[in-house]
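FYI, side chains are in, hydrogens and waters are out, and symmetry mates aren't considered; it's all heavy atoms of this structure.
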Amino acid sequence: MSTLRILLITPPLTQLNTPYPATAYIKGFLRGRGYAITQADLGLELVLKLFSAEGLTRVFAEIEAGDFSLSDNTRRMLRLRDSYLRTIGPVIRFLQNKDTTLSSRICHSRFLPEASRFDNVADLESAFGTMGLTDQARHLATLYLEDLGDLIKETVGPQFGFSRYAEKLAMSATTFDGLHEALQATPNLLDRMLLELLDERMDQVQPDVVGFTVPFPGNLYGALRLAGRVKEINPGTKTLMGGGYPNTELRQLREPRFFDYIDYLTLDDGEGPWLRLLEYLEQERGSYASAQPAYAAVLPEVLAATQYSPSAVAADVQLAAALPLQRTFLRNHAGEVEYINQPFADIPHPEVGTPDYSDLPLTEYLSVIEVLNPMHRLWSDGRWNKLTVAHGCYWKRCSFCDVTLDYISRYETAPSTLLVDRIEQIIAQTGQTGFHFVDEAAPPLALRDLAIELLQRRVSITWWGNIRFEKTFTPDLCRLLAASGCIAVSGGLEVASDRLLGLMEKGVTIAQVARVTDGFTQAGIMVHAYLMYGFPTETAQETVDSLEVVRQLFGAGIVQSGYWHRFSMTAHSPVGKNPAKYQVVAVGPEPGPFAWNDLWHEDPTGANHEKFGPGLAKALYNYMHGVALDEPLSFWFDFKTPRTTVARHLIQQALQEPGKADIAKQHQRLFWLGNSPELRYEEGRKGRRAILTFFEQAEDFEVNVPVVLGPWLHQLLTRLTEDYNTKLTLKEVASSFPAGQAFEQFVVSPTWQLLREKGLLLL
């Protein structure tokens, strides 16, 4: 058992509705190695401290005492100070699902003070329906909070955002100058509140090590501000950092000033590097021999030569090379940044453990509805346990993606039995059965096995995640996933152009996407499409044609949600590494001593991509609500656009293409979603018949077959029902078909078609 006391912090700000899972993953892993871990979401805690009667009182007092240039909207809010102080507590409790009865007052009375965010409120009845009173109230309460957020940004906290904090300071920050200047400045009110929260945690935990996860640019300033405070309180406490932002932005770090705040920065998956680092820190405390005997032959003379000083250990390059660290940056005794990566094996995905959400105040998170996009709502509304089905991406070819980085390039899976074990552990700990699988693209066969294991063990969850729209997602697989609890999938259509899809190496076609999304929709699973414009060499014609394909997808009802992203060239993507291949020119920025990932580029052969953005977004918003689907595409733009060259019935024709006949699926496995039937025999006009009666969730039904087929069919479906691990292929089932009967005819009979409709799957 380690003697180190470790505090893991999620700095402001990420999601308000559910914990970002990084600290829970690391805690679950390290606890299994004997470490004492405390974790805290200071982003959530800051929001709750700020949006309280006490917090807003401090905000209003500081505005009144300050010299701010105020807009008319802000002056109105200041006049409504008492209304905000009276309502903030009840609104927060409502958004925490602790007082849902407040929804009627929010919707039907002048309970909430209203500022500019209410100026363009959508038609709530059409958006939520007449029965969605709580949802309407949650949306209005979210607008109320956003009004207060606008007030704070205009005055005491110009860097505030509900899912980011001082994000601009970290965006494309090739130098550390901007962050350094901001961190040296006097803390503003929000900074002071954040530091007050840290002081309380430091006093409670008395940590030897404080670790920060920085998943996004909007977490970096908060992490560094907090780390600086840790050094003020206790200079001997070690500060660590990892996360998505360092993994993509700080891989070429050479900035010594960064290490005034952070002692060690690790890259890629944190389990291995943090384990090595903690073992190293443990032995520095005098317990090296017992903590890590494997290094006993290497480091005693190193440590003796350096008087157990970490800065001195790093002073000599040869000695630094002997440090037992993995993918770790530090500042050496000479004040220079060093990167140490000893050849340790990565922790295999099955061994990373189960995320541990203990310490996190799961009942305090806020369910908000920021926008009316149905998929975006899943991200911001409700408590979702985060989990990965596999590590990395099984496809890892998309030319716009950071496929060269470890979190995508190293693909590993875990057995479905282990995944369901983890799911059951998380449910027992959190009391929540909602899961968001956060894979880059969840592999279809792993999802199939996971779904079967969930059904086999009768583990009832609700889940959603990201996929590729590939042909492996057959209609039958979609039905299986729905039966296991899947409610939504998101996937990258990107550009609705087969030429550009080929250039992107997406491995899909428009027709294929149409059939896959139709399969999900028919199974009752919502489909969200990631859309991209501005890919290298994309012409105005292709942009308009993409919009036409999107229009047809929504018109056919097989995509329910979408979002347009502007293409961004990154340093770790195939486009960024070889721009000439994609006929674009990288024009900066030059690599600096700090962050480097987002690249500026020119697209000499492409369209003026920037001007298409507003029209594409407006069209998509209307298509999602079933509005203006018959308008000409030029309706959405205030400039001349080419006419589409896409066939008007392209998507319908793709959906009408016949699929493979069942009899041709000889090697696919049968799976039965229904219950075991009851068998009886009846005399009829055509003689004695076998009747199988099925008692199902919504309705009962019967199957009438010849007597000779009754026992065979009953035995088959009973076997499939009682043991989901039964793996019978269609070929094997055909070999057991009663003699004298034609299996090929049975597979096209009305009986077979009825069973297929009711839940007989071929996987």
Checklist entry - Under a 4.0 Å N-O cut-off, is there an ion pair linking Arg254 with Glu336? => result no
Next on the checklist: For Ser409, is there any backbone N or O sitting under 3.5 Å from a side-chain donor or acceptor partner on Lys396?
Outcome noted: yes
Checklist entry - Sequence neighbours excluded, which residues qualify as ring-ring contact (aromatic ring centres under 6.0 Å, His included) partners of Phe437? => result Trp463
All N/O donor-acceptor pairs, side-chain side in residues 227-237, below 3.5 Å, sequence neighbours left out:
{"from": "Arg229", "atom 1": "NE", "to": "Asp199", "atom 2": "OD1", "distance (Å)": "3.0"}
{"from": "Arg229", "atom 1": "NH1", "to": "Glu232", "atom 2": "OE1", "distance (Å)": "3.2"}
{"from": "Arg229", "atom 1": "NH2", "to": "Asp199", "atom 2": "OD2", "distance (Å)": "2.7"}
{"from": "Lys231", "atom 1": "NZ", "to": "Thr237", "atom 2": "O", "distance (Å)": "2.8"}
{"from": "Lys231", "atom 1": "NZ", "to": "Asp263", "atom 2": "OD1", "distance (Å)": "3.3"}
{"from": "Lys231", "atom 1": "NZ", "to": "Asp263", "atom 2": "OD2", "distance (Å)": "2.4"}
{"from": "Asn234", "atom 1": "OD1", "to": "Gly236", "atom 2": "N", "distance (Å)": "3.1"}
{"from": "Asn234", "atom 1": "ND2", "to": "Thr237", "atom 2": "OG1", "distance (Å)": "3.1"}
{"from": "Thr237", "atom 1": "OG1", "to": "Pro207", "atom 2": "O", "distance (Å)": "3.3"}

Next on the checklist: Return the CG to OH distance between Leu194 and Tyr221, rounded to the nearest 0.5 Å.
Outcome noted: 8.5 Å
Next on the checklist: For Arg410, I'd like to know if atom CZ has over 12 heavy atoms of other residues, nucleotides or ligands within 6.0 Å.
Outcome noted: yes
Checklist outcome for this item: Residues passing the ring-ring contact (aromatic ring centres under 6.0 Å, His included) test with Phe216, sequence neighbours excluded, are Tyr20
Next on the checklist: Suppose we screen for salt bridge (charged side-chain N to carboxylate O under 4.0 Å, His left out). Which residues come up paired with Glu146, at least two apart in sequence or across chains?
Outcome noted: Arg117
Checklist entry - Any sub-3.5 Å donor-acceptor pair from Asp269's side-chain atoms to Glu271's backbone N or O? => result no
Checklist entry - What residues, two or more places apart in sequence or in another chain, satisfy side chain to side chain contact (heavy atoms under 4.5 Å, CB included) together with Pro187? => result Asp191, Arg192, Leu195, Arg225
Checklist outcome for this item: Residue set satisfying salt bridge (charged side-chain N to carboxylate O under 4.0 Å, His left out) with Asp439, at least two apart, ordered chain then number -> none
Item to check | Heavy-atom side-chain contact between Val495 and Ser546 under 4.5 Å | outcome: yes
Next on the checklist: Can you tell me if Tyr394 has over 12 outside heavy atoms packed within less than 6.0 Å of its OH?
Outcome noted: yes
Checklist entry - Got a sec, which residues hit salt bridge (charged side-chain N to carboxylate O under 4.0 Å, His left out) with Glu255, two or more places apart in sequence or on another chain? => result Arg257
Next on the checklist: Test your reading of the model: is there a side-chain donor-acceptor pair from Asp208 to the backbone of Arg5, 3.5 Å cut-off?
Outcome noted: yes
Checklist entry - So is Arg276 actually on top of Phe344's ring, under 6.0 Å and inside 45° of the axis? => result yes
Checklist entry - When you measure from the side chain of Thr18 to the backbone N and O of Trp384, does any donor-acceptor pair fall under 3.5 Å? => result yes
Next on the checklist: To the nearest 0.5 Å, what is the distance between CG on Leu265 and CE on Met241?
Outcome noted: 7.0 Å
Next on the checklist: Looking at Ser367 and Gly382, would you say the former's side chain and the latter's main chain have a donor-acceptor pair under 3.5 Å?
Outcome noted: yes
Checklist entry - Taking only residues two or more places apart in sequence or in another chain, which ones pass ring-ring contact (aromatic ring centres under 6.0 Å, His included) with His180? => result none
Checklist entry - How long is the span from the CD1 atom in Ile9 to the CG atom in Leu198, to the nearest 0.5 Å? => result 5.0 Å
Item to check | Set of side chain to side chain contact (heavy atoms under 4.5 Å, CB included) partners for Arg566, sequence neighbours left out | outcome: Tyr533, His609, Glu610
Checklist outcome for this item: Across all chains, not counting sequence neighbours, the side chain to side chain contact (heavy atoms under 4.5 Å, CB included) partners of Thr543 are Glu538, Phe612, Leu616
Checklist entry - Tell me, which pairs form a side-chain hydrogen bond (donor to acceptor under 3.5 Å, both in side chains) where one or both residues lie in residues 578-588, sequence neighbours left out? => result none
Show me the donor-acceptor pairs within less than 3.5 Å that the side chains of residues 346-355 make with the rest of the protein, sequence neighbours left out.
{"from": "Asp346", "atom 1": "OD1", "to": "Arg327", "atom 2": "NH1", "distance (Å)": "2.7"}
{"from": "Asp346", "atom 1": "OD1", "to": "Arg327", "atom 2": "NH2", "distance (Å)": "3.3"}
{"from": "Thr354", "atom 1": "OG1", "to": "Gln425", "atom 2": "OE1", "distance (Å)": "3.3"}

Next on the checklist: Checking side-chain polar atoms at under 3.5 Å, does Asn385 have a donor or acceptor matched by the opposite partner on Arg383?
Outcome noted: yes
Next on the checklist: Checking the side chain of Asp603 only, and the main-chain atoms of Thr537 only, is there a donor and an acceptor separated by less than 3.5 Å?
Outcome noted: yes
Next on the checklist: Check this for me, if you would: do Lys506 and Glu494 make a salt bridge, where the nitrogen-to-carboxylate-oxygen distance has to be below 4.0 angstrom?
Outcome noted: yes
Item to check | Distance, nearest 0.5 Å, that separates NZ of Lys153 from CZ of Phe162 | outcome: 10.0 Å
Checklist entry - Roughly how far, to the nearest 0.5 Å, is the CG atom of Leu8 from the OH atom of Tyr25? => result 15.0 Å
Checklist entry - Which distance, rounded to the nearest 0.5 Å, do you find between the OG of Ser568 and the CG of Asn597? => result 7.5 Å
